[in-house]
Amino acid sequence: QKEVEQNSGPLSVPEGAIASLNCTYSDRGSQSFFWYRQYSGKSPELIMFIYSNGDKEDGRFTAQLNKASQYVSLLIRDSQPSDSATYLCAVGFQGGSEKLVFGKGTKLTVNP
Amino acid sequence: GAVVSQHPSWVICKSGTSVKIECRSLDFQATTMFWYRQFPKQSLMLMATSNEGSKATYEQGVEKDKFLINHASLTLSTLTVTSAHPEDSSFYICSASTGGPPTGKLFFGSGTQLSVL
């Protein structure tokens with residue numbers, strides 16, 4: 001059973017701070033990793049993807065992947081109230097399948 | 001990013017009726033689309049993989065005769081919830097991939113909130 005675990009939160013950070021979201025996965029053969037943002041009542045929106053060990057930066061967002069530890073994280077710098085949402089971690093199966101397994105998400109609140 | 005359109009956004013129906021949800025890829029062709037269901041405060045659960053021109057592949061525990069999927073063209077997949085019951089009330093979301101890399105980069109429709117009375 002492939003599993004993706006996230007701390008459900010809620011995680012609260014003050015405006016301007018760094019928000020750190022974490023995710024672990026069970027399938028050591030997983031090859032692709034995604035972070036989606038989901039506002040309440042809306043569908044997920046792709047924020048970042050990463051498939052190599054290390055860091056990947058895009059604007060205020062940095063994804064970090066450590067395959068040895070089966071761990072992926074998302075850092076949000078200079079957090080804004082508009083970043084308040086649920087962040088879903090998703091992992092792609094080994095073999096390049098397009099099927100993803102999603103974590104339950106971490107609810108982030110950025111306080112003005 | 002790619003645009004996936006999903007209709008309707010919400011639907012309220014009586015128990016026993018059928019509901020059809022449409023998912024269209026607007027600016028790309030999608031040979032594969034995915035249908036997810038999400039209950040409140042839960043994660044997205046994959047229901048089925050919709051393949052253009054062939055039968056859908058259903059995940060374990062999903063009734064294929066209840067959730068009918070048709071993928072008649074490269075830009076349209078439909079999900080029909082047949083004989084809906086209150087326990088089918090959920091948020092249904094479709095997604096499509098523009099192809100790799102990376103494989104699995106999905107774009108989601110806006111979702112359909114189904115309420116069965």
Side-chain angles (χ1 to χ4, degrees), chain A residues 1-10 21 23-27 29-53 56 58 63 65 67 72 85-107, chain B residues 1-10 21 23 25 30-52 56-62 77 90-115:
Chain A
Q1 183 76 6
K2 296 175 175 61
E3 296 181 345
V4 177
E5 299 288 340
Q6 292 182 255
N7 187 327
S8 62
L21 305 164
C23 172
T24 59
Y25 58 94
S26 62
D27 183 8
S30 299
Q31 297 182 334
S32 52
F33 308 86
F34 305 83
W35 283 100
Y36 287 86
R37 177 175 63 196
Q38 186 175 27
Y39 293 111
S40 180
K42 303 296 184 181
S43 63
E45 173 192 10
L46 182 65
I47 298 295
M48 293 280 291
F49 62 87
I50 186 169
Y51 44 74
S52 300
N53 274 328
K56 178 181 179 182
D58 184 1
L65 174 62
K67 288 187 177 181
V72 58
T86 296
Y87 289 79
L88 303 173
C89 173
V91 177
F93 293 167
Q94 184 178 17
S97 168
E98 293 180 313
K99 291 169 60 173
L100 300 182
V101 176
F102 284 82
K104 290 186 176 181
T106 298
K107 181 169 180 154
Chain B
V3 178
V4 177
S5 174
Q6 184 175 343
H7 293 282
S9 297
W10 57 272
I21 303 170
C23 181
S25 55
T31 55
T32 304
M33 292 186 177
F34 302 90
W35 288 95
Y36 290 84
R37 179 168 53 183
Q38 186 178 36
F39 293 106
K41 298 186 179 181
Q42 297 296 314
S43 186
L44 278 74
M45 296 300 296
L46 179 64
M47 299 175 65
T49 302
S50 172
N51 302 297
E52 188 269 336
T57 303
Y58 290 82
E59 295 299 302
Q60 189 174 8
V62 178
S77 176
S90 185
F91 190 49
Y92 292 86
I93 314 173
C94 70
S95 69
S97 172
T98 56
T103 305
K105 184 179 176 183
L106 299 179
F107 295 92
F108 286 86
S110 55
T112 299
Q113 184 64 53
L114 171 64
S115 296

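In what follows, every chain begins at residue 1, and chains take the letters A, B, ... in the order their sequences are listed. Every value quoted in this text rests on a predicted model; they were computed, and no experiment measured them. Every heavy atom of this structure was used, including side-chain atoms; hydrogens, water molecules and symmetry mates were not.
B/E59 touches chain A through its side chain: at least one heavy atom from C-beta onward sits under 4.5 Å away, while N, CA, C and O do not. For chain B, the nearby part of A/Q38 is the side chain; its heavy atoms alone come within less than 4.5 Å. B/L44 touches chain A through backbone and side chain together, each having a heavy atom under 4.5 Å away. Contacts of B/Q6 with chain A are absent, with no heavy-atom separation under 4.5 Å from either backbone or side chain.
Residues A/L100 and B/S95 have side chains not in contact (no heavy-atom distance under 4.5 Å, counting atoms from C-beta outward).
By the 6.0 Å contact criterion, NZ on A/K67 is enclosed, its count of non-hydrogen atoms from other residues, nucleotides or ligands being greater than 12.
Across every non-hydrogen atom of B/S110 and A/S43, the tightest pair is CA-OG, 3.5 Å. Between A/F102 and B/S43 the shortest heavy-atom distance is CB-OG, 3.1 Å.
Here B/S9 contributes atom OG and A/K42 contributes atom NZ; the two are 7.5 Å apart, rounded to the nearest 0.5 Å.
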